[in-house]
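Here's the structure we're looking at; comments come further down.
All values derive from a computational prediction rather than experimental measurement. One-based numbering, in listed order, for ligands and for the atoms of each.
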Amino acid sequence: MIRPFHYAPAPQRVAFGVRNLAEVADEVEPLGPAFVVASSDRDGLASRVAALVGAPASACFFRAAPHTPVAVTEQAVSALQATGAACLVSVGGGSATGLAKALAHRRALPIVAVPTTYAGSELTSILGQSDGARKWTLRDEAVRPGSVVYDVALTHALPARLSAASGCNALAHAVEALWARDATPVHVLLAEAAIEALAGALPLVVADGDDGQARAAALYGAFLAGTCLGACEMALHHRICHVLGGRFGLPHAETHAIVLPHVVALYGPGEAGERLAGALGTEAGEAASALFSLTARLGLPRGLHEVGLPAGAEQESASLVLGAGGYSPVLPSLAELTEVLGRAARGEPPRGMASLPERTRLS
Ligand code: NAD
């Protein structure tokens with residue numbers, strides 16, 4: 001039985017290849033002079049891209065930082081204004097994409113994104129920003145990159161731990177899409193294919209970062225998962241990670257990796273759980289433990305305490321999550337969510353909960 005749905009794919013051009021970086025010039029050419037942004041440690045690659053698109057040093061800003069601090073964006077706006085650039089090129093992970101989005105939000109310029117992690121921001125209209133400890137997100141179609149150039153070769157430099165964590169961040173996008181209220185049958189297919197590709201490829205990538213086939217499968221999975229993130233409403237899992245990142249400064253991708261098996265256990269079995277188990281190649285009802293085993297095989301930290309969650313912060317976190325509102329496929333009580341976060345904090349295996357009310361809002 002196919003449920004009624006509305007399908008409105010985002011108007012983005014995506015080029016996926018190996019050593020196809022030069023395609024960035026084809027995407028920039030019709031747009032006009034480019035302003036190139038990147039994190040400082042990606043300056044070598046970003047300079048190569050700047051040369052490809054003919055951007056002078058004055059049109060390069062390589063100071064992108066995690067969570068898109070407004071102060072950095074303001075510096076970039078000043079640099080951008082002096083150039084008369086007609087488009088933005090981001091080179092790097094979610095931090096570089098985030099800075100380009102912050103500029104597009106302020107100056108309405110199109111973005112050509114060259115992603116080098118599995119974060120998926122290049123496929124969304126979501127902009128996250130920060131000012132000191134304050135963090136917030138907004139949606140603006142003007143910040144969704146019009147073109148994305150995926151070059152698998154660029155991901156070989158991503159260290160094993162970053163690859164694993166960033167890959168699990170992508171996995172979380174696809175997993176939440178399986179439970180999303182607005183996921184169409186097309187997005188369910190994309191999510192299943194993303195999970196299969198990522199779960200298969202990430203252990204191989206961690207074992208050998210130069211395994212070209214595994215790198216291609218991981219980036220392809222990240223692209224599919226990012227498409228789900230860009231189209232489907234994320235739920236409780238993302239809200240938990242957002243609260244933990246915002247309130248306690250926990251690292252974005254690793255927090256996703258640790259929390260995901262616990263939230264999947266909380267979401268319980270049902271159609272989405274069965275689809276997830278199938279995509280992970282495990283038995284129905286075993287999806288949460290399969291994800292927990294996967295993060296162990298990837299060598300990622302097991303518990304939130306290991307990545308900076310202070311002792312005794314579980315109840316405050318649970319309260320902030322429940323107070324944040326928004327959709328969730330299940331509605332845990334404060335005590336239940338505190339218990340789940342406690343297990344995630346201590347690095348214990350995930351455990352399901354019986355008979356939570358289904359399909360509701362947190363507040
Ligand atoms: P990141 O962009 O901060 O990159 C992490 C580090 O890895 C940086 O130092 C970066 O320069 C380096 N790096 C990137 N690619 C590399 C490569 N190929 N080889 C070697 N080093 C490389 O981290 P991220 O996980 O990609 O992005 C996280 C940020 O993105 C967070 O701020 C998160 O909130 C945001 N995000 C936003 C969305 C959205 O839709 N708005 C989606 C996902 C993530």
Side-chain angles (χ1 to χ4, degrees), residues 10 12 21 37-49 61-70 72-73 90-102 104-105 111 113-130 135-145 148-174 176-177 205 209-210 215 218-219 222-223 225-234 237-239 241-246 249-257 300 307:
Q12 291 185 288
L21 184 60
V37 302
S39 301
S40 58
D41 62 347
R42 297 282 83 208
D43 60 340
L45 172 63
S47 298
R48 258 175 74 200
V49 172
F61 186 92
F62 300 159
R63 271 173 278 161
H67 308 300
T68 323
V70 170
V72 175
T73 302
S90 63
V91 184
S95 297
T97 316
L99 175 57
K101 285 174 157 185
H105 180 61
I111 302 175
V114 181
T116 61
T117 69
Y118 307 129
S121 177
E122 66 280 2
L123 295 166
T124 82
S125 62
I126 307 164
L127 166 61
Q129 301 183 89
S130 66
K135 299 196 173 90
W136 68 98
T137 59
L138 58 86
R139 279 182 185 272
D140 174 6
E141 275 304 323
V143 311
R144 196 192 295 262
V148 183
V149 177
Y150 289 105
D151 178 352
V152 175
L154 305 183
T155 62
H156 284 235
L158 196 62
R161 183 159 166 169
L162 260 174
S163 299
S166 184
C168 287
N169 186 189
L171 208 45
H173 303 149
E176 286 252 271
V205 161
D210 281 322
R215 282 290 187 188
L219 191 60
F223 157 59
T227 306
C228 294
L229 174 70
C232 305
E233 182 186 26
M234 299 288 112
H237 169 79
H238 273 73
R239 207 148 304 116
C241 295
H242 189 83
V243 162
L244 294 173
L250 266 54
H252 179 83
E254 290 179 352
T255 303
H256 273 276
L300 287 167
V307 295

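- In terms of protein heavy-atom proximity, atom 41 (N) of ligand 1 is closest to I126 O, 2.9 Å.
- Short contacts between ligand 1 and T124, defined as distances under 4.0 Å to a heavy atom of the residue, involve ligand atoms 39 (C), 40 (O), 41 (N).
- For the atom pair T97 OG1 and L123 CG, the distance stands at 9.5 Å (nearest 0.5 Å).
- Less than 4.0 angstrom separates some heavy atom of T117 from each of these atoms of ligand 1: 14 (C), 15 (N), 26 (O).
- Close contacts of ligand 1 with A157, meaning ligand atoms under 4.0 Å from a residue heavy atom, involve 19 (N), 20 (C).
- Between E122 and R144, none of the side-chain N atoms (NZ, or NE/NH1/NH2) sits under 4.0 Å from a carboxylate O, so this pair counts as no salt bridge.
- Put simply, the side chain of C168 reaches to within 4.5 Å of the side chain of L300, judged on heavy atoms.
- A donor-acceptor contact shorter than 3.5 Å is absent between the side chain of Q129 and the backbone of T137.
- In terms of protein heavy-atom proximity, atom 44 (C) of ligand 1 is nearest to H252 NE2, 3.6 Å.
- Looking from atom 25 (O) of ligand 1 to the surrounding protein, the closest heavy atom is A119 CB, 4.2 Å.
- A side-chain N or O of K101 and one of S121 form a donor-acceptor pair less than 3.5 Å apart.
- Residues satisfying the ring-ring contact (aromatic ring centres under 6.0 Å, His included) test with H238, not counting sequence neighbours, are H173, H256.
- Near K101, the atoms of ligand 1 lying under 4.0 angstrom from a non-hydrogen atom of the residue are 39 (C), 40 (O), 41 (N).
- Among L99, T116, L45, the residue whose heavy atom lies nearest to atom 15 (N) of ligand 1 is T116.
- Of all protein heavy atoms, the one lying nearest to atom 22 (C) of ligand 1 is R42 NE, 3.5 Å.
- Here the closest heavy-atom approach between residue T124 and residue G226 is recorded as CG2-O, 4.4 Å.
- Closest heavy-atom approach to atom 37 (C) of ligand 1 among the candidates G93, S121, A253, P115: S121.
- Near G94, the atoms of ligand 1 lying under 4.0 angstrom from a non-hydrogen atom of the residue are 2 (O), 24 (P), 26 (O), 27 (O), 29 (C), 30 (O).
- Against a heavy-atom cut-off of under 4.0 Å, S39 is close to the following atoms of ligand 1: 11 (O).
- Considering backbone and side-chain N/O atoms, G120 never comes within less than 3.5 Å of an N/O atom of ligand 1.
- Which of D41, L158, L154 comes nearest to atom 8 (C) of ligand 1 through a heavy atom is settled by distance: it is D41.
- Within the model, atoms NE2 of H67 and NZ of K135 stand 4.5 Å from one another, a figure rounded to the nearest 0.5 Å.
- Every N/O-N/O distance between P159 and ligand 1 stays at or above 3.5 Å.
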**Q.** Full working for side chain to side chain contact (heavy atoms under 4.5 Å, CB included) between R161 and E254
**A.** CA-CA 9 Å; R161 183 159 166 169; E254 290 179 352; 2.6 Å; yes
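- Every residue two or more places apart in sequence or in another chain that forms a ring-ring contact (aromatic ring centres under 6.0 Å, His included) with F223 is listed here: Y150.
- For atom 3 (O) of ligand 1, the closest non-hydrogen atom on the protein side is S95 OG, 2.6 Å.
- Contact detail for C232 and A177: the closest heavy-atom pair is SG-CB, 4.1 Å.
- For ligand 1, the atoms sitting less than 4.0 Å from at least one non-hydrogen atom of H67 are 32 (O), numbered in the order shown with element in parentheses.
- At the shortest separation from atom 6 (C) of ligand 1 among protein heavy atoms lies L162 CD1, 4.0 Å.
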